[in-house]
Amino acid sequence: MLKFPQNFLWGAATSAYQVEGDNVHSDWWSWEKKVGKECSGEACNHYKFYEQDFNLAKNLNHNAHRFSIEWSRIEPKQGEFSKKELQHYEDVLLSLKKLGIEPLVTLHHFTNPLWLSKLGGWENKKSIEYFLRYCDFVVQALAPHVRYWITINEPTVFLSHAYIFGVWPPQAKSFFRAKTVQNNLVKAHVKTYALIHNIYKKSNAPRPSVGFSQFTQAFVPCVNTLKNTLATKLRNNWFNLGFIKTCAQHHALDFIGLNYYSRQLVELKQWGIGNFIWDTCQNNHHSVKKNSLGWDIYPEGLLDILLKLKKYNLPIIVTENGICTPDDVLRWEYIHAHLKNIHAAIQKGVPISGYLYWSLLDNFEWDKGFAPRFGLIDVNYNTTQRTVRASALKFGQVCKTGILE
Ligand code: IFM
């Protein structure tokens, strides 16, 4: 029987574009159509059914919920801000408040307004100023309801998928362009951190907690050769820790948002910059169970990463951890094993203060469409019917008692 600390945040996460539906002013909306991918369409229609979905979360004993605000709804045209959409998000927050669920609000979760992408997106150095203007509009209005802000979700995933691997809009494949975007994202985070704190200070509101969510992976050398060991170190430093280190050096982090799913077996085929970044072992000789996207299930990697983060001496919130699978027994196995490793890290003195499963609902998994099922709650996309999964009930017991049997 493993006991978690009192006041631990327990819940699940979503992002606007993946669940709301009809985000017609976003760059992803037009990109899906342009490249002929499965379209997000009405997604889970969470924009309309958020109250019903939060009631389900409450019944599952969640005391926290992470969601994101869609910039392209707030600012559908450059410089034109929608009070109606702002009101929508205030209603979302009030609905959580009524249920006693603590919101964690993400300001940027992969998507951009189409107008920004036409101006060069995050390669344009003015993107920082535009992002701050949007954040100012949102935070000024919503500050009374929010204690936890997440500026940017998974900056390294955004820039690697969109600017190095070229699989997300704008489908660039350029280290040079990726570097520009990386610099702008760091600056945007640091400035937004200061902006949010200033807004709260000016209105004498209690100090908020501001961080960002970092995607991490367990990088493990397939065979212990010099090449593989070097690449593993580089990937750990760049993909897992780089952003956290830089933002901590700027004193612009109140907590670390940690997203963890899987392991990558590192096997360098040859010496080359690209090889250092993306070569992996394709053999099955370290075979473990996998999710439906073929990602390795490797809960012990989460403990390693948590121990690596201890030195920053900052509270850590697991802002995402989850599995897409048609096998709900495996989902509970996955959650259980990861919680066990989180508990072990807490025992070793890592200050972890929350766990948010990805995701509350089945949703739109970007370029992979609707097939991967990550939800605690099944969504029937034809009828919008929600069905709570057995794994959700088991997790709900942990949320209620703070005890993992
Ligand atoms: O669905 C995504 C989410 O948007 C960001 N983190 C990883 C999840 C699963 O791929």
Side-chain angles (χ1 to χ4, degrees), residues 11-21 23 26-29 31-32 37-41 43-44 46 53 65-72 104-112 150-162 165 167-169 185 211-218 239-240 243-244 256-264 290-299 301-302 305 316-326 330-331 334-335 338 354-379 381 391:
T14 62
S15 89
Y17 197 80
Q18 293 176 273
V19 294
E20 284 181 349
N23 275 312
S26 156
D27 59 342
W28 264 81
W29 188 266
W31 182 75
E32 285 159 19
K37 290 264 179 204
E38 185 174 9
C39 293
S40 53
C44 313
H46 178 71
D53 293 334
H65 180 72
R66 174 179 173 220
F67 72 94
S68 75
I69 292 181
E70 177 64 31
W71 181 0
S72 65
L104 290 89
V105 183
T106 310
L107 290 158
H108 185 274
H109 194 119
F110 297 155
T111 54
N112 293 305
I150 293 167
T151 56
I152 300 171
N153 181 68
E154 300 178 353
T156 42
V157 172
F158 172 66
L159 68 92
S160 59
H161 283 52
F165 306 135
V167 290
W168 286 0
L185 291 174
F212 72 95
S213 287
Q214 175 63 35
F215 184 85
T216 58
Q217 269 178 293
F239 286 110
N240 285 346
F243 251 84
I244 297 175
I256 296 171
L258 182 74
N259 297 357
Y260 176 84
Y261 289 85
S262 175
R263 166 182 81 173
Q264 189 187 92
K290 293 176 192 296
N291 74 8
S292 64
L293 286 170
W295 304 355
D296 286 358
I297 298 176
Y298 192 66
L302 178 55
I305 291 173
I316 299 170
I317 300 174
V318 177
T319 44
E320 285 182 29
N321 171 245
I323 178 171
C324 53
T325 175
L330 182 60
R331 187 184 323 279
Y334 181 98
I335 297 173
H338 286 81
Y355 175 85
L356 304 171
Y357 177 81
W358 182 270
S359 172
L360 180 65
L361 306 166
D362 287 338
N363 62 49
F364 179 73
E365 178 58 18
W366 306 112
D367 54 315
K368 307 291 186 302
F370 286 104
R373 298 275 179 164
F374 276 95
L376 290 172
I377 298 171
D378 168 273
V379 176
Y381 295 112
S391 56

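Start at 1 and go down the list; that is how both ligands and their atoms are numbered.
Nearest heavy atoms, Ser26 versus Thr111: OG-CB, 3.7 Å. Considering all non-hydrogen atoms of both residues, Tyr298 and Ala218 come closest at CD2-CB, 3.6 Å.
Residue Trp295 places a heavy atom under 4.0 Å from ligand 1.
For atom 7 (C) of ligand 1, the nearest non-hydrogen atom from the set Lys368, Glu365, Glu320 comes from Glu320.
Geometrically, ligand 1 and Glu154 share a nitrogen or oxygen pair separated by less than 3.5 Å. Checked against a 3.5 angstrom limit, the closest N/O atoms of Ser15 and ligand 1 fall outside it.
Partners of Trp358 under the side-chain hydrogen bond (donor to acceptor under 3.5 Å, both in side chains) rule, at least two apart in sequence or in another chain, do not exist in this structure. Under the side-chain hydrogen bond (donor to acceptor under 3.5 Å, both in side chains) criterion, Ser68 pairs with no residue, sequence neighbours left out.
Between Glu320 and Tyr261, the side chains place a donor N or O and an acceptor N or O closer than 3.5 Å (distance only, hydrogens not considered).
Against a heavy-atom cut-off of under 4.0 Å, Gln18 is close to the following atoms of ligand 1: 1 (O), 2 (C), 3 (C), 4 (O). Those atoms of ligand 1 with a heavy atom of Phe110 less than 4.0 angstrom away are 4 (O), 5 (C). Atoms of ligand 1 found under 4.0 Å from any heavy atom of His109 (numbered from 1 in listed order, with element): 3 (C), 4 (O), 5 (C).
Distance from atom 8 (C) of ligand 1 to its nearest protein heavy atom, with residue and atom name: Tyr261 OH, 3.3 Å.
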For the pair Trp71 and Asn112, evaluate side chain to side chain donor-acceptor pair (under 3.5 Å) and give the outcome as yes or no after the intermediate values.
CA-CA 7 Å; Trp71 181 0; Asn112 293 305; over 6 Å; no

